[in-house]
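Encoded as structure tokens, the structure appears first; notes follow it.
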There are 2 protein chains.
Amino acid sequence: MATIKDVARAANVSIATVSRVLNNKSGFSEDTRKAVEQAIEELGYVPNGVARGLISKRTNTIGLLVPALSSMLVSEMVSGIERTVHEQGSSLIVCHTESKGKKTMQYLQLLIAKQVDGIIFTSEVLLQEYYQMIERSGIPLVLLSTESLNLPVPSVKVNDRLASFHATEYMIRQGHKKIGMISGNRNDMIAGVPRVEGFRMALSSHQIPFEESMIVSHKGFSYIDGAKSFRTLMTDHPDITAVVAASDEMALGMISEGYKMGIQIPEQVSVIGYDNIQICNVSIPPLTTISQPVAKMGEVAAKMVLDMIHGDEKQESVVFPHEIIERQSVKKMN
Amino acid sequence: MATIKDVARAANVSIATVSRVLNNKSGFSEDTRKAVEQAIEELGYVPNGVARGLISKRTNTIGLLVPALSSMLVSEMVSGIERTVHEQGSSLIVCHTESKGKKTMQYLQLLIAKQVDGIIFTSEVLLQEYYQMIERSGIPLVLLSTESLNLPVPSVKVNDRLASFHATEYMIRQGHKKIGMISGNRNDMIAGVPRVEGFRMALSSHQIPFEESMIVSHKGFSYIDGAKSFRTLMTDHPDITAVVAASDEMALGMISEGYKMGIQIPEQVSVIGYDNIQICNVSIPPLTTISQPVAKMGEVAAKMVLDMIHGDEKQESVVFPHEIIERQSVKKMN
DNA sequence: ATATTTTGAGTAAACGTTTACTCAAATCAA
DNA sequence: TTGATTTGAGTAAACGTTTACTCAAAATAT
């Protein structure tokens, strides 16, 4: 591959001059510019970003860490980030940590070694261990769909507890009294705990009686978890008329399972999802859900790291408003 | 950030020695190893991959180019690639070209500048222009879900024409005689043309009469395209009993549109999809489809570039077998 | 005891850029 | 004309590694 030296030789100038025309600094005549540009053209020269990175301390690369999330959710989140990052001339390295601490540490090491300009950390609690590593490297960091109460890291998220509260309250307002929840992994500090809490609070603030077994949780937040959870929920509580799901995928899995079990949705059981992924529009029935504007949030998070990279020290955390998207998976009971 | 010099100073050795213990070359005593390792630990030193890359000419990064595909399909494809690539200690830069030639060229330039070790190009025709650019850079290239008839580039794909032929024949075998197709973008050389061809060939080889207007095409291969195409198909040909869809997403959009139009699927109209993305399992009804093992294919493509990077010059192209996955969206008519 | 090999470690060049510094030639002011 | 300034361009150091070369000290062979 041609290097700047080759170009310099071909154009009969020094490499400094080539560099200058490349970067549009001043210090060369129109004639030399032409000569250099022609040489570049002829040799098909592309400046070596690695060498540039070494000296400029910028790689124009940012790293993204995502845990084991449902694929559609990740894909929407990533797309928002990727677009924004690329618009600014950088690229994105995506790392699936699978929620494993060890893997996360490895990826962190990798990203630091690669000298990424910034890191976006999503949907998981930022362990002290992770933070220290990043902190030490001096790489700007922003949190997406997660937050840290004690560490000074800006974040972009939705108020999960409140959103879940509203989802549940929505069911109550439609006249439902027997409401269950399929909660995904209820120990998950991000998508589990707060949503369960919101659910409970809504019920208790409306004095609706409730048993522990009306919240059924599973490993994750996917179709299968939704389907399985729904089945156990219905065998334990056949009189339930509404379900709050911790993710759209779970809601979809539930609808499918209902179909197999001969349970009509929403005629017999209503459901509200969480996330508002694209497919909600074309499910049968179309899914009523809490909209969490992931693509937009990803975009904002990306802008935030980019700004930090460009020197804007501390960014303000932002909490996005959620929204109830009414479609047809919830039946009015009153 | 600490550099190798800092480590050398702290451990009281030369940078060459540090480098040696870092890379496990011989030439140091047990004592110095310990000293160096301790210094590394204390300083939280992480070797600078950029500097390493400059000298070793390896960035441990591979680039992926994807056009405007449906998000779920991309996400499955990417996941197979990413896992494999990461297992081998490299990372992946994903570039969404949106099927724009100009953007593609820009990304290509970017990937070359970044000195990626390999490139995976997916689901689009490899223009001469693209090829020349990559060729010139000497970066190993493999094609995924596409192929080049004239250029010497290894590829991983499925036989689209044959797959579509089989899908259509499957409908015929179930006793369908009035079969339409919603084709996505029928000019797309990869996912359009061959599938339309396969469809036509199946009909004609079974002497089933057919009109041009029974193939309706649209911009892309997404839900909405499916929904819209189905609507026009049904208004023009209300007597149709089966539809061959060019993608699962289109089939899903069609089912949803059918629901709105009061058309029962599969009771009134049957449908077969294409791709076998995960969600087919939980659609209502579960979608019969042509399985194209994208995750697996991505994995194989990734292995191929990796092998090429490691010096295995020419790789054999592989065409994956497709498979009909029978679920419940096709009704038997005989 | 001497000659030879092995071991442990340092020095410096190289990778492909950018940029501070230098300087001759050209332009301008007086 | 002379001195001052501007313009165009080259030289060389620096970025953080790896590695070929070198060499003294230690270990081994004779």
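Chain letters run A, B, ... following the sequence lines, proteins first and then strands; every chain starts at 1.
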Quiz item: Which nucleotide in the set D/dT19, D/dA9, C/dT17 lies at the smallest distance from any side-chain heavy atom of A/T17?
Solution: D/dA9
Exercise. Report the nucleotide, chosen from D/dA9, C/dG16, D/dT18, that has the shortest atom-to-atom distance to any side-chain atom of A/T3.
Key: C/dG16
Quiz item: Once you round it to whole Å, what is the distance between C1' of D/dG16 and CD1 of A/I112?
Solution: 17 Å
Quiz item: From the list D/dT18, C/dA9, D/dG16, which nucleotide is the closest neighbour of the side chain of B/T32?
Solution: C/dA9
Quiz prompt | Distance, rounded to the nearest Å, where A/Q115 contributes CD and D/dG16 contributes P | solution = 9 Å
Quiz item: Taking the side chain from B/T122 and the backbone from B/L65, do they hold a donor-acceptor pair closer than 3.5 Å?
Solution: yes
Quiz item: Atom CD of A/E30 to atom C1' of D/dG8: distance rounded to whole Å?
Solution: 13 Å
Quiz prompt | Exam field: side chain B/D188 to backbone B/N185, donor-acceptor pair closer than 3.5 Å | solution = no
Quiz item: Among D/dG16, C/dT19, D/dT18, which nucleotide sits nearest the side chain of B/A51?
Solution: D/dG16
Exercise. Indicate, with a heavy-atom threshold strictly under 4.0 Å, whether A/S19 touches base, sugar-phosphate, or nothing.
Key: base
Quiz item: Once you round it to whole Å, what is the distance between C1' of D/dA14 and CD1 of B/I4?
Solution: 16 Å
Quiz item: Any side-chain donor-acceptor pair under 3.5 Å between A/T61 and A/K114?
Solution: no
Practice problem: Report the residue (B/R20 or B/L54) whose heavy-atom-nearest nucleotide on DNA chain C is the more 5′ of the two. | Solution: B/R20
Quiz item: Can we call the ring centroids of B/H96 and B/Y107 under 6.0 Å apart?
Solution: no
Quiz item: Does B/F28 or A/K5 map to a spot on DNA chain C nearer the 5' end, using the closest nucleotide for each?
Solution: B/F28
Quiz item: Just to confirm, is there a sub-4.0 Å distance from OP1 or OP2 of D/dC15 to any side-chain nitrogen or oxygen of A/K57?
Solution: no
Quiz item: Please give, in whole Å, the distance from C/dT18 P to A/N24 CG?
Solution: 12 Å
Exercise. Could you check whether B/S26 gets within reach of a base, just the sugar-phosphate, or nothing at all, counting any heavy atom under 4.0 Å?
Key: nothing
Exercise. Output the single nucleotide from C/dG10, D/dT17, C/dG16 whose closest atom is nearest the side chain of B/S14.
Key: C/dG10
Practice problem: Look at A/K34 together with A/D31 and state whether they make a salt bridge at an N to O cut-off of under 4.0 Å. | Solution: no
Quiz item: In whole Å, what is the span from the CD1 atom of B/I15 to the C1' atom of C/dA13?
Solution: 11 Å
Practice problem: Identify whether any heavy atom of B/V13 sits under 4.0 Å from a base atom; if not, whether one sits that close to sugar-phosphate; answer base, sugar-phosphate or nothing. | Solution: sugar-phosphate
Exercise. Round to a whole Å and report the spacing from CE of B/M1 to P of D/dG16.
Key: 9 Å
Quiz item: To the nearest angstrom, how far is B/R52 atom CZ from D/dT18 atom P?
Solution: 5 Å
Quiz prompt | Residue B/N48, side-chain heavy atoms: nucleotide from C/dT18, D/dG16, D/dG8 that is nearest | solution = D/dG16
